[in-house]
*Asks:* 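Below is the structure I would like to discuss, written out as structure tokens.
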There are 2 protein chains.
Amino acid sequence: MTFSIHDLARHLNISIGTVSRALNGRADVNADTRQRVLEAARALNYSPNQSGRSLRQGATHSIAFMLQPHPGDQEYGEPFFIPFLTGLQGRLAESGLDLIVVMGAPGDYQQERLRRVVETRRADAVVLAWTRREDERIDYLTQAGFPFATLGRSRSGGKTYPSLDLDFEKAGADAVDRLVARGHRRIAAIRPSLDLNFGYLFLDGYRKALRRHGIAVDPGLIAGGFINEAGGYEVTPQVMRRKDPPTAIIFNNDAMALGGCKALAEMGIKPGHDMAVTVIVDTPLCRYFSPALTAFRPALQPMGRRLAEMLLASLPAFAGAAGPETIREVWPLELIARDSD
Amino acid sequence: MTFSIHDLARHLNISIGTVSRALNGRADVNADTRQRVLEAARALNYSPNQSGRSLRQGATHSIAFMLQPHPGDQEYGEPFFIPFLTGLQGRLAESGLDLIVVMGAPGDYQQERLRRVVETRRADAVVLAWTRREDERIDYLTQAGFPFATLGRSRSGGKTYPSLDLDFEKAGADAVDRLVARGHRRIAAIRPSLDLNFGYLFLDGYRKALRRHGIAVDPGLIAGGFINEAGGYEVTPQVMRRKDPPTAIIFNNDAMALGGCKALAEMGIKPGHDMAVTVIVDTPLCRYFSPALTAFRPALQPMGRRLAEMLLASLPAFAGAAGPETIREVWPLELIARDSD
DNA sequence: TGTGTTCTCGTAAACGTTTACGGAAAAACG
DNA sequence: CGTTTTTCCGTAAACGTTTACGAGAACACA
């Protein structure tokens, strides 16, 4: 049914070995014949069967990104990832690699999907996001000897894999510094599960900055919930019900911030007026919310490109002259001051 | 390096043929041996090499979704698609199919990526979105005899493929009806390129509804631009600069609406106060914008499921008893009244 | 016991590539 | 001209599966 290298070879009256070599740019083929082969391939619209190549070469020429929607978010989506993926795919394409995004059902653990990708050799490497503090996926991949890179740090797996992360500690600290400079002393922090490594890092920076300013860390001003709007909505009242409520809240996440602001609104509290609100990871929603939320913005597209580069550098088939020394990077988050604080 | 069916067979002292048959649930294998094979496969953690299967069977067991970010949107992302993809992937997974999302660089035409997917047999079928009125991708796929389904209608390719669309005509008309009922007579429409079929359909519904109400369609109240925030920002002043400016604007798209509202704000015009604003396709941004934008909401996740089902029904390997009669569907958009009109 | 049927399984070919190997022809070299 | 090297290409094996085919064993039936 489909057009194979045999057909092409027969058409050219040449052996399939030569055709393959010509197509793959090997040296031991005459310039003329190469020319003929390439022209014929173009004219007859031949392109090699991917399964055949993969089988023979043991490589799929594609990288898998594991995308998993958050549980309970029917509506929200993950606008965060699209620019990142754009950068990632752009860089991979330059090296002839396809990016395939493997979707998992929302809520189920990725472990099973990951195993499938790895064991069936669907991709040559995977990219993980939402790294956890102890991440079984990382353990699995290192133990299986499967190449991967992560968006986010983790304590799992040693320092053997490329990772790119954002400086959540610093953002947490910067947020505190800024609020303290503006006269706030009672600053709350709303975080997702501490499993999620960025939640942990953020809280760490928050705590250290408070201490640096000589402000005691009040556990009652720290609350954690599901990393979605419902989580923020549910958890924010906890810190507000204190006898000595905060005058500022730092949300680790845009969705939680929106839920939190909804809760605040129901208490008659207006962000930017009665309450300073800062968000760590900016998304378009922060910009369009009213009041526009002060937030820390990541450079998502460059991050995607960079992580692709780091991953490529770690793959034997692509490693250039340089060894994989710059394997772990932490990028800054840029403060975008808006109206909510 | 990896564990193949040969190893499994050797370990069991059985031929690979029998192992394969046992694994694939064929009838001509003894119940005992099947049991043994399955247990060993499980214990030794065997899973078949995907390239091998694909090569032999001529099927990849995966469906490709072509995702292409809009040009010029570094930041915005496509939250629209995530719930849709969740539904799509969920249904496909139930039939043992993987969903792979093929990313294209923003702005470049998908045609080249599509050819690659098709010619290299990376997927058994593809799902297209953002259908155009005349869509070369559809022409290509039908001509190539490659199975596909579309999110959105098109005039291309006849009625040979499953398609699921939203009723943009009706939404456009409903929006007009509602605004007329509220006393508006000068109603503007901001649309993306008419290439995009939903832009065309929307405008069609808008026009017909106006005529039905005996209101002449004023071309000066219709403007089209790029389907992003910049487009809305750039184009909205065009309708506002008329001597007889509109009292209501219908935006076909959330991003354009946000840009348009920005332009309005700069003119000192407040949506929901000095100007009624309606958006056709709702996203979280519409909800969180201030004022919250009245918009028509699609049932994205069920749509994803349904389109997967329709696609499956059109694939010979999956077609059940029923023929592919319900091949084209148009789903309603639900009005969510908020504060902007 | 002979014949036909049913179960079960092994053998081997095939899917479309890439690539190690070897050989023929051409070129280089003395 | 003989020898060595280089250039180029064909042959065939291999990647890991699935599956058509056939055959042996067991069973049923007469």
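Proteins get letters first, then strands, A, B, ... in listed order; numbering begins at 1 in each.
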*Asks:* Relative to the 5' end of DNA chain D, which residue comes earlier, A/Ala27 or B/Leu55, by the nucleotide with the nearest heavy atom?
*Replies:*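 Looking at the nearest nucleotide for each, A/Ala27 comes out on the 5' side.
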
*Asks:* Is the side chain of A/Ser62 donor-acceptor paired with the backbone N or O of A/Asp98 at a distance under 3.5 Å, no angle test?
*Replies:*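 It does not hold such a pair.
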
*Asks:* Side-chain contact, heavy-atom cut-off 4.5 Å: A/Trp331 with A/Pro302?
*Replies:*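 Counting from C-beta outward, A/Trp331 and A/Pro302 do come under 4.5 Å.
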
*Asks:* Less than 4.0 angstrom between a side-chain N/O of A/Asn30 and OP1 or OP2 of D/dC8, yes or no?
*Replies:*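 True: A/Asn30 side-chain N/O within range (under 4.0 Å) of D/dC8 OP1/OP2.
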
*Asks:* Would you mind telling me which residue lines up with the more 5' stretch of DNA chain D, B/Gly52 or A/Val29, judged by nearest nucleotide?
*Replies:*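 Per heavy-atom nearest nucleotide, the more 5' residue is A/Val29.
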
*Asks:* Take the protein atom CD of B/Glu119 and the nucleotide atom P of C/dG16, then report the distance between them rounded to whole Å.
*Replies:*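 In whole Å, C/dG16 P and B/Glu119 CD are 15 Å from each other.
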
*Asks:* Can you check the A/Ile5 CD1 to D/dC9 C1' distance for me, whole Å?
*Replies:*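 Going from CD1 in A/Ile5 over to C1' in D/dC9 covers 14 Å.
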
*Asks:* To the nearest angstrom, how far is A/Asn49 atom CG from C/dT17 atom P?
*Replies:*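 It works out to 5 Å between those atoms.
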
*Asks:* In whole angstrom, give the distance that lies between atom CZ of A/Arg36 and atom C1' of D/dC9.
*Replies:*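 Between C1' of D/dC9 and CZ of A/Arg36: 12 Å.
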
*Asks:* Is the centre of the B/Phe146 ring less than 6.0 Å from the centre of the B/Tyr140 ring?
*Replies:*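 No: the rings miss the under 6.0 Å criterion.
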
*Asks:* With a 4.5 Å limit on heavy-atom distance, are the side chains of B/Leu312 and B/Leu97 in contact?
*Replies:*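 SC-SC contact between B/Leu312 and B/Leu97 confirmed.
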
*Asks:* Using atom names, set out every protein N or O paired with an N or O of nucleotides 19-23 of chain D below 3.5 Å, distance rounded to 0.1 Å.
*Replies:*
from, atom 1, to, atom 2, distance (Å)
D/dT19, OP2, B/Arg26, NH1, 3.0
D/dT19, O4', B/Arg56, NH2, 3.2
D/dA20, N6, B/Arg21, NH1, 3.3

*Asks:* Going by atom types only, do A/Ser15 and A/Thr18 share a side-chain donor-acceptor pair under 3.5 Å?
*Replies:*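 Yes - a donor-acceptor pair under 3.5 Å links their side chains.
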
*Asks:* Scan residues 31-44 of chain A for pairs that pass salt bridge (charged side-chain N to carboxylate O under 4.0 Å, His left out), counting only residues two or more places apart or in two chains.
*Replies:*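 Matches after skipping sequence neighbours: none remain.
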
*Asks:* Nearest whole Å is fine: how far is C/dA25 P from A/Asp32 CG?
*Replies:*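 So the two atoms are 19 Å apart, to the nearest Å.
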
*Asks:* Counting any heavy atom closer than 4.0 Å, what does A/Ser54 reach on the DNA or RNA strands: base, sugar-phosphate only, or nothing?
*Replies:*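 Nothing, no heavy atom under 4.0 Å.
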
*Asks:* Taking five pairs at each end of the helix from C/dT1-D/dA30 to C/dG30-D/dC1, what angle separates the two helix axes (nearest 10°)?
*Replies:*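 The two end axes of the helix from C/dT1-D/dA30 to C/dG30-D/dC1 meet at 50°.
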
*Asks:* Which is true for B/Thr33 with a 4.0 Å heavy-atom rule: it touches a base, it touches only sugar-phosphate, or it touches nothing?
*Replies:*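 B/Thr33: backbone/sugar contact only, no base atoms under 4.0 Å.
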
*Asks:* Do B/Thr60 and B/Asp124 have side-chain N/O donor and acceptor atoms under 3.5 Å apart?
*Replies:*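 B/Asp124 and B/Thr60 do have a side-chain donor-acceptor pair below 3.5 Å.
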
*Asks:* Does a nitrogen or oxygen in the side chain of A/Tyr46 sit under 4.0 Å from OP1 or OP2 of C/dG16?
*Replies:*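 For C/dG16, OP1/OP2 do not have a side-chain N/O of A/Tyr46 under 4.0 Å.
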
*Asks:* Can you confirm whether the side chains of A/Arg115 and B/Asn45 place a donor and an acceptor under 3.5 Å from each other?
*Replies:*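 Per modelled atom types, A/Arg115 and B/Asn45 side chains form a pair under 3.5 Å.
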
*Asks:* Give the residues of residues 6-15 of chain A touching DNA chain D, defined as any heavy atom closer than 4.0 Å, sorted by residue number.
*Replies:*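 Correct list: A/Ile14, A/Ser15.
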
*Asks:* Pairs in or reaching into residues 46-67 of chain B: which pass salt bridge (charged side-chain N to carboxylate O under 4.0 Å, His left out), with residues at least two apart or in two chains?
*Replies:*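 Every pair satisfying salt bridge (charged side-chain N to carboxylate O under 4.0 Å, His left out) with a residue in residues 46-67 of chain B: there are none.
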
*Asks:* Output every pair passing salt bridge (charged side-chain N to carboxylate O under 4.0 Å, His left out) with a member in residues 142-153 of chain A, not counting sequence neighbours, ordered by first then second residue.
*Replies:*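 Those involving residues 142-153 of chain A are A/Arg153-A/Asp165, A/Arg153-A/Glu169.
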
*Asks:* Is it true that a side-chain atom of B/Arg113 and a backbone atom of B/Met103 form a donor plus acceptor pair closer than 3.5 Å?
*Replies:*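 Looks like yes, one N/O pair under 3.5 Å.
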
*Asks:* Apply side-chain contact (heavy atoms from CB on, under 4.5 Å) to the pair B/Leu85 and B/Leu88, showing each step before the final yes or no.
*Replies:* CA-CA 5 Å; B/Leu85 284 174; B/Leu88 191 69; 4.1 Å; yes

*Asks:* What is the distance from CZ of A/Arg53 to C1' of C/dC15, rounded to the nearest Å?
*Replies:*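 Rounding to the nearest Å, CZ of A/Arg53 and C1' of C/dC15 are 16 Å apart.
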
*Asks:* From CD of A/Gln35 over to P of D/dC8, roughly how many Å is that when rounded to an integer?
*Replies:*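 Rounding to the nearest Å, CD of A/Gln35 and P of D/dC8 are 14 Å apart.
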
